[in-house]
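Chain letters run A, B, ... following the sequence lines, proteins first, then strands; residues in each count from 1. On a predicted model such as this, the values are computed, not experimentally measured, just so you know.
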Protein chains: 2
Amino acid sequence: MVAQKAKVTIFDVAKASGVSSSAVSYALNGKPGVSDATREKVLQEARKLGWRPNGAAQSLAQSRTRRIGLVLGYDPQLLSVEPYIMRLISGLGSALEERDYSLLIRMSMDDDDDVSILEDWIATGNVDALLLLNLEIGDPRIDLMKANPQMPCLAIADASLTGGLPTLTSDDAGASGTMIRFLASLGHRNIARVAGPEELGHSYIRDAAFSEITTELGIRYRCLHADYTPESGADATKRLLSVTPRPTAIIYDNDVMALAGESVASMKNVSVPDELSIISWDDSFMNVAAHPAITALGRNVLESGRLAAQLMLKLIDGEEVEDVQEPPYELVERDSTGPPPRSKFAAHSQR
Amino acid sequence: MVAQKAKVTIFDVAKASGVSSSAVSYALNGKPGVSDATREKVLQEARKLGWRPNGAAQSLAQSRTRRIGLVLGYDPQLLSVEPYIMRLISGLGSALEERDYSLLIRMSMDDDDDVSILEDWIATGNVDALLLLNLEIGDPRIDLMKANPQMPCLAIADASLTGGLPTLTSDDAGASGTMIRFLASLGHRNIARVAGPEELGHSYIRDAAFSEITTELGIRYRCLHADYTPESGADATKRLLSVTPRPTAIIYDNDVMALAGESVASMKNVSVPDELSIISWDDSFMNVAAHPAITALGRNVLESGRLAAQLMLKLIDGEEVEDVQEPPYELVERDSTGPPPRSKFAAHSQR
DNA sequence: TTGTAAGCGTTATCAA
DNA sequence: TTGATAACGCTTACAA
């Protein structure tokens, strides 16, 4: 009842209950091997003494830590620009909580660091499973995990990037199609995209999908790579708005760049959505707060996090895990999208 | 060199080096008690075998986990709206990394949960120190920590809320003064504030400071409490814009609400900054991306995180820690602030 | 300088 | 159903 100052161990509980430490262990863990009477007695004494299992001892004995490891790339800019990570952590955390697991986080300063932290965790047994994010093409982490198949590991990425590791796949290609077709259905035939950094795995997937689908639909498409910051988004937008014929719609790979793009349009007196449609990849409060509110491709990141946690727990339990698809993207139509300016003539009206 | 499948222990290293396990331990930990020759030999064999200390065993033997605990309130909305937490985590993580510490995170679903997670960590010894955020007035966590003085604990909050616990104080009162005086110097005599939830400790501090300072300066001040979401920010803005005489400047307690407020102004054809000045408390990419770009009160949250980490490490080392001040807020002037509309007449022009 | 052995607090095996 | 007792892998006091 009362929290004890001195640590109370199972031996204290054993003495108080008048039984051995092993009986106590069985009783406290709900395992067979003790009579109901002593079990009752032990539980009572344990509660009375305020006993709680020592984490390190438990980990040592069971080689199980009840922790899941996540290495975050140290890029304060990216980390704070992207609501994604925090939402993912929320989802992970809430699902882990249900199983009394916690999330162990370390920060890597560069890619080598990233790998060595993972190596450390694998070797020291400090976590029960690993979650891999932001895989790049030919990512060294994949080889590392293949060399250590005993460590459960889940990747969140397009399956083409994960080399056969258990994967929670994001449908970036499908989402690309959704957006292009949405714009096409509004009448747009000349669209542009302000993408994220080229070396990121999902940028690569998106790049490929966009090229393919726009070609297929006979839509003019132009892509500029930026770095997710408002400055880079504004910059790319300025360049795109000076191209002739000017694209009638721009898709931004994140919300900050979309907002920055909308600001540029406003400054240049390019009316949104009358003269220019804007879509943001990944939805957030920013899109709602903007004026006009920005149409966005949203996904339930929280649910992704929960799903990822559940899959890792399965892996830890030794179950087979098939690749699972993230909750699908959904287009949230707001006020920043509309038909292109009088289709045919738009291309001529500016020179 | 090559990663081993089977776990290699100090006994393996001992056998390979032809010495005892304790000699190995001394050698590997750089402690005196072994000759340079054997130390050399042991280090060499350890590397050859790919030995790494087992985390659980080390924790058990030293009662030291090299982990710091952080409980996050599960409010996906707040967590993702606020770049603050992610930036703080980045700062914490980077400083902890330098000392090979990691961050253990759990998610609490409500206040009771919060306390019981902390209790659990204290009792099971799963972390070496705790970081407390978002303290409320009369927060139960303070009593908990006072009842367990053996657990190092740092609070990030105004010192008036932390009941004597080691504290990294944020100067919310001072910051309030900075903003009010800035607006006053521009000529504003009628300002409003869209605040965060009333029950939050720092809202309370800000509320008090604002009332006091505006009274002192003879400035008309009105405050509406919202909940950090764009909807609530937009709502509050609408109400404030319909008050007579209309405030000539609005301060928002976070950036999302500031952006939403700016959108409302734009919709109502209230020109920013000509007719209305806007300031955001806490700076982020949103403010830069907005149009007009939003003047904001920024602070180096990353540095706060690093500072907090260093203080906790000191506490863990048993050093005394005096209360420390967070890096100061700084006003970043952008395009959303300016003098009020022809002072005297502004109040009359609307009825 | 070195090795032996006793913790650290559990879990789990094996006789009794 | 019980209670010794041996892991788990490391640190460290104490002997040699």
Sub-4.5 Å side-chain heavy-atom contact between A:Arg106 and A:Leu70: no

Counterpart residues, side-chain contact (heavy atoms from CB on, under 4.5 Å), relative to B:Ala123 (two or more places apart): A:Arg52

DNA chain D contacts made by residues 28-38 of chain B, counting heavy atoms under 4.0 Å: B:Asn29, B:Lys31

Atom pairs, N/O to N/O, protein against nucleotides 13-16 of chain C, distance under 3.5 Å?
{"unit_1": "C:dT13", "atom_1": "O4", "unit_2": "A:Tyr26", "atom_2": "OH", "d": "3.2"}

Sugar-phosphate only, base, or nothing, as touched by A:Thr9 at under 4.0 Å among non-hydrogen atoms: sugar-phosphate

Those residues that, when tested against A:Lys31, pass side-chain contact (heavy atoms from CB on, under 4.5 Å) (two or more places apart): A:Tyr26, A:Asn29

Protein-nucleotide distance (B:Gln58, atom CD; C:dG7, atom C1'), rounded to Å: 16 Å

Rounded distance (Å) that lies between atom P of C:dG9 and atom CG of A:Leu49: 15 Å

Sub-4.0 Å heavy-atom contacts from residues 116-126 of chain B onto DNA chain C, ordered by number: none

Among B:Leu144, B:Val127, B:Leu118, side chain to side chain contact (heavy atoms under 4.5 Å, CB included) partner for B:Met151: B:Val127

Contact check, side chains of A:Ser102 and A:Leu96, non-hydrogen atoms, under 4.5 Å: no

Distance-only donor-acceptor check, side chains B:Ser35 and B:Thr38, under 3.5 Å: yes

All pairs passing salt bridge (Lys or Arg N to Asp or Glu O under 4.0 Å) where residues 107-119 of chain A contributes a residue, at least two apart: A:Asp114-A:Arg141

Qualifying side-chain hydrogen bond (donor to acceptor under 3.5 Å, both in side chains) pairs with a residue from residues 57-71 of chain B, counting only residues at least two apart or across chains: B:Thr65-B:Asp128

Bounds of contact between DNA chain D and chain A, in 5' to 3' order, using a heavy-atom cut-off under 4.0 Å: D:dT1 to D:dG9

Interatomic distance, B:Leu72 atom CG to B:Ile105 atom CD1 [nearest 0.5 angstrom]: 5.0 Å

Residue whose closest nucleotide on DNA chain D lies nearer the 5' end, B:Pro53 versus A:Ser21: A:Ser21

Spacing between B:Glu40 atom CD and C:dT1 atom P, to the nearest angstrom: 15 Å

Integer-rounded Å distance: C:dG9 P and A:Gln62 CD: 16 Å

Sugar-phosphate, base or nothing in reach of B:Arg52, heavy atoms under 4.0 Å: sugar-phosphate

Counterpart residues, salt bridge (charged side-chain N to carboxylate O under 4.0 Å, His left out), relative to A:Arg39 (two or more places apart): none

B:Leu168 CG to B:Gln325 CD distance, which is reported to the nearest 0.5 Å: 8.0 Å

From B:Val19, B:Leu43, B:Val24, residue fulfilling side chain to side chain contact (heavy atoms under 4.5 Å, CB included) relative to B:Val13: B:Val24

Separation of C:dT10 C1' from A:Leu60 CG (nearest whole Å): 8 Å

Would you give me the side-chain donor-acceptor pairs under 3.5 Å for residues 310-320 of chain B, sequence neighbours excluded?
{"unit_1": "B:Asp317", "atom_1": "OD2", "unit_2": "B:Arg99", "atom_2": "NH2", "d": "3.3"}

Between A:Thr167 and A:Thr169, a side-chain donor and acceptor under 3.5 Å: no

No-hydrogen, no-angle side-chain donor-acceptor test under 3.5 Å, A:Ser304 and A:Glu326: yes

Terminal helix-axis angle for the helix from C:dT1-D:dA16 to C:dA16-D:dT1, with five pairs defining each axis and rounding to 10 degrees: 50°

By side-chain hydrogen bond (donor to acceptor under 3.5 Å, both in side chains) - contacts of A:Glu303 (at least two apart): none

